[in-house]
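Taking it in order: structure first as C-alpha cells, then the write-up.
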Amino acid sequence: MGKENFIRQIENSVEFKFLDKVLKEEVTAQDAVQDVINMTMSALSIHNPDKHNGIGLPDYNVSLAVMELAQRLEPPKHTRLVEFICHLQKKAPLDPCTSEHLKVQGDTLWTDMPSFGYTELETWYEFGGDYKDPCDGALDSKQRERWVNLNAFLAQLTQAAEIHYPLPNEEVRYFALDKSLRAIWNMAMALENEDPPASLGDTAVMEATCQWFIYAAGRLWANVLNRRTYPGAAGAGPGKRYGEKGWTGYTEERWGIWEEALDEARAQCQDERMAKLIDDALASLRRAMVNE
C-alpha cells in the first residue's frame with residue numbers, strides 16, 4: 001500500500017501532469033520544459049520568504065515522474081520522454097538576484113540533474129518495484145515489465161546523451177544522462193553470471209540486457225573503442241563466472257564474451273518472443289561493430 005500511495009503522489013504532481021501532456025502530444029517537450037523552469041523560478045520570487053528553499057522540488061518531482069512513466073511505457077513510446085529530459089538537461093537558469101546558476105545540494109540546475117541520479121539508481125535497484133531478483137524466471141510479470149521498460153528507457157537516454165570521451169584508460173567522467181554503467185551491471189548479471197546464459201534466457205535480466213543492445217549498442221561499442229573504465233566503487237567489475245578478469249569497464253574481450261553468451265542463450269531459448277528479442281540484440285550488437 002505504501003508504494004501505491006507513493007505512486008499516487010507522483011501522479012498528482014504538476015510535473016507528472018506536464019509530462020503526461022507531452023506523451024499525449026498535447027504540448028511539445030520544449031513547452032513542458034519551459035513550464036518546469038517557470039515553476040522553478042517562481043520559488044525565487046522576492047515575495048517568497050523561503051525563496052532559496054524548495055527550488056529543488058521541481059527537479060525531484062520531474063525525476064520521479066520520469067522514472068514512473070518510463071516504467072509504464074513500452075520502449076517504442078519512450079521517444080518523447082527522452083526528448084524532454086535531454087532538452088531540460090541543457091537548461092541552466094540563473095538566480096535573478098545573484099546572476100549565478102541555481103544550485104541544489106551543490107549541483108547545477110538542470111545541467112547536473114541533481115535529483116535524477118539518485119532517483120534513477122534507487123528505481124533501478126527496485127527491479128520493478130519489489131526488490132526481487134531479476135534473474136528469477138518466476139519474477140512477477142508486472143515487476144518484470146516495469147524493470148525491462150526502465151532499462152530500455154535508460155538505454156535510449158544513454159544513446160542520446162552527449163559524451164566527450166576521456167583519454168584511453170583514463171577514468172570515466174560524469175555525464176548526467178549517460179547510464180552506461182547500468183548496462184554493465186545488466187551484462188554482469190545476465191551474461192557473466194555463474195549460471196549459464198541459456199538458463200537465464202527467459203528472465204527479466206536477459207530481456208533488459210537485450211534492450212540495452214537494441215537501443216544503445218552504438219554507445220556501448222563506442223565505450224569499448226574508447227576503453228571506458230570506472231573507479232572500483234562503481235561496481236563495473238566482472239560477474240562471478242569471470243571473477244579472475246581485471247575488467248573495470250568496457251573492453252573488446254568483454255564485448256566478445258557478451259556476444260558469445262547471447263549466442264548461447266539464443267541457441268537454447270524455447271520462448272518465441274525472447275528468441276526474437278535476442279536475435280534483435282545480436283543484430284544490433286553486430287551492426288554497431290560494422291558501423292564504428
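It should be emphasised that the depicted structure is a prediction, and the values quoted were computed from it without experimental measurement.
- The backbone N or O of Asp107 sits nowhere less than 3.5 Å from a side-chain atom of Asp112 that would complete a donor-acceptor pair.
- For the pair Arg266 (side chain) and Ile278 (backbone), a donor-acceptor distance under 3.5 Å is absent.
- Side-chain contact check for Glu264 versus Pro196: some heavy-atom pair is nearer than 4.5 Å.
- Across Asn193, Leu262, Leu277, a single residue satisfies side-chain contact (heavy atoms from CB on, under 4.5 Å) together with Met206, and that is Leu262.
- Applying the side chain to side chain donor-acceptor pair (under 3.5 Å) test between Glu192 and each of Tyr242, Trp247, Trp258 identifies Trp258 as the sole match.
- Ring geometry for Trp255 against Phe213 counts as perpendicular: the plane angle is over 60°, on a 0 to 90° scale with 30° as the lower cut.
- Counting only residues at least two apart or on different chains, no salt bridge (Lys or Arg N to Asp or Glu O under 4.0 Å) pair has a member in residues 211-223.
- The heavy-atom pair separating Met39 from Val14 by the smallest distance is SD-CG1, 4.1 Å.
- Across all non-hydrogen atoms, the minimal contact from His78 to Leu73 is NE2-O, 3.2 Å.
- No donor-acceptor pair under 3.5 Å is formed between the side chain of Asp130 and the backbone N or O of Glu126.
- Shortest non-hydrogen contact noted between Gly249 and Tyr230 is CA-CD1, 4.1 Å.
- Remark: Tyr131 engages no residue in a ring-ring contact (aromatic ring centres under 6.0 Å, His included) (not counting sequence neighbours).
- When side chains are defined from C-beta on, Leu69 counts as touching Phe16, because their heavy atoms get closer than 4.5 Å.
- By the neighbour-count criterion of 12 heavy atoms within 6.0 Å, atom NZ of Lys103 is densely surrounded, having more than that number from other residues, nucleotides or ligands.
- Heavy atoms from other residues, nucleotides or ligands lying under 6.0 Å from CD of Glu162 number 12 at most.
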Walk me through whether Asp59 and Trp110 qualify under side chain to side chain donor-acceptor pair (under 3.5 Å).
CA-CA 8 Å; Asp59 174 59; Trp110 296 83; over 6 Å; no

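- Of the possible donor and acceptor atoms, none in the side chain of Gln34 sits under 3.5 Å from a partner among the backbone N and O of Gln30.
- Checking Asn5 against Gln9 by side-chain atom types alone, no donor-acceptor pair falls below 3.5 Å.
- Expressed to the nearest 0.5 Å, how far CG of Leu177 lies from CD of Gln89 amounts to 4.5 Å.
- A donor-acceptor pair under 3.5 Å links the side-chain atoms of Gln156 to the main chain of Pro75, judged by distance alone.
- Smallest separation of non-hydrogen atoms from Leu139 and Ala204: CD2-CB, 3.7 Å.
- The stretch residues 203-214 participates, sequence neighbours left out, in these salt bridge (Lys or Arg N to Asp or Glu O under 4.0 Å) pairs: Arg144-Glu207, Glu207-Arg273.
- Residues meeting the salt bridge (Lys or Arg N to Asp or Glu O under 4.0 Å) test with Glu272, sequence neighbours left out: none.
- Every ring-ring contact (aromatic ring centres under 6.0 Å, His included) that Trp147 has, sequence neighbours left out, goes to Trp124, Phe127.
- Note: Trp185 and Tyr125 meet the aromatic proximity criterion, with ring centroids under 6.0 Å apart.
- Within a 6.0 Å radius of CD in Glu252, other residues, nucleotides and ligands contribute 12 heavy atoms or fewer.
- Among all heavy-atom pairs drawn from Arg254 and Ala188, the shortest one is NH2-CB, 4.5 Å.
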Side chain to side chain donor-acceptor pair (under 3.5 Å), that's the test. Do Tyr250 and Asn226 meet it? Break it down for me.
CA-CA 8 Å; Tyr250 288 86; Asn226 285 276; over 6 Å; no

Go through Asn61 and Ser13 one step at a time and tell me if the side chain to side chain donor-acceptor pair (under 3.5 Å) criterion holds.
CA-CA 7 Å; Asn61 286 343; Ser13 71; 5.3 Å; no

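- Sorted by first and then second residue, the salt bridge (Lys or Arg N to Asp or Glu O under 4.0 Å) pairs involving residues 24-39 (not counting sequence neighbours) are Asp20-Lys24.
- A donor-acceptor distance shorter than 3.5 angstrom exists from the side chain of Thr119 to the backbone of Phe116, with no hydrogens or angles considered.
- In this structure, Glu120 and Leu154 have side chains that are in contact, with non-hydrogen atoms separated by less than 4.5 Å.
- In this structure, Ala190 and Thr209 approach most closely via the heavy-atom pair CB-OG1, 3.4 Å.
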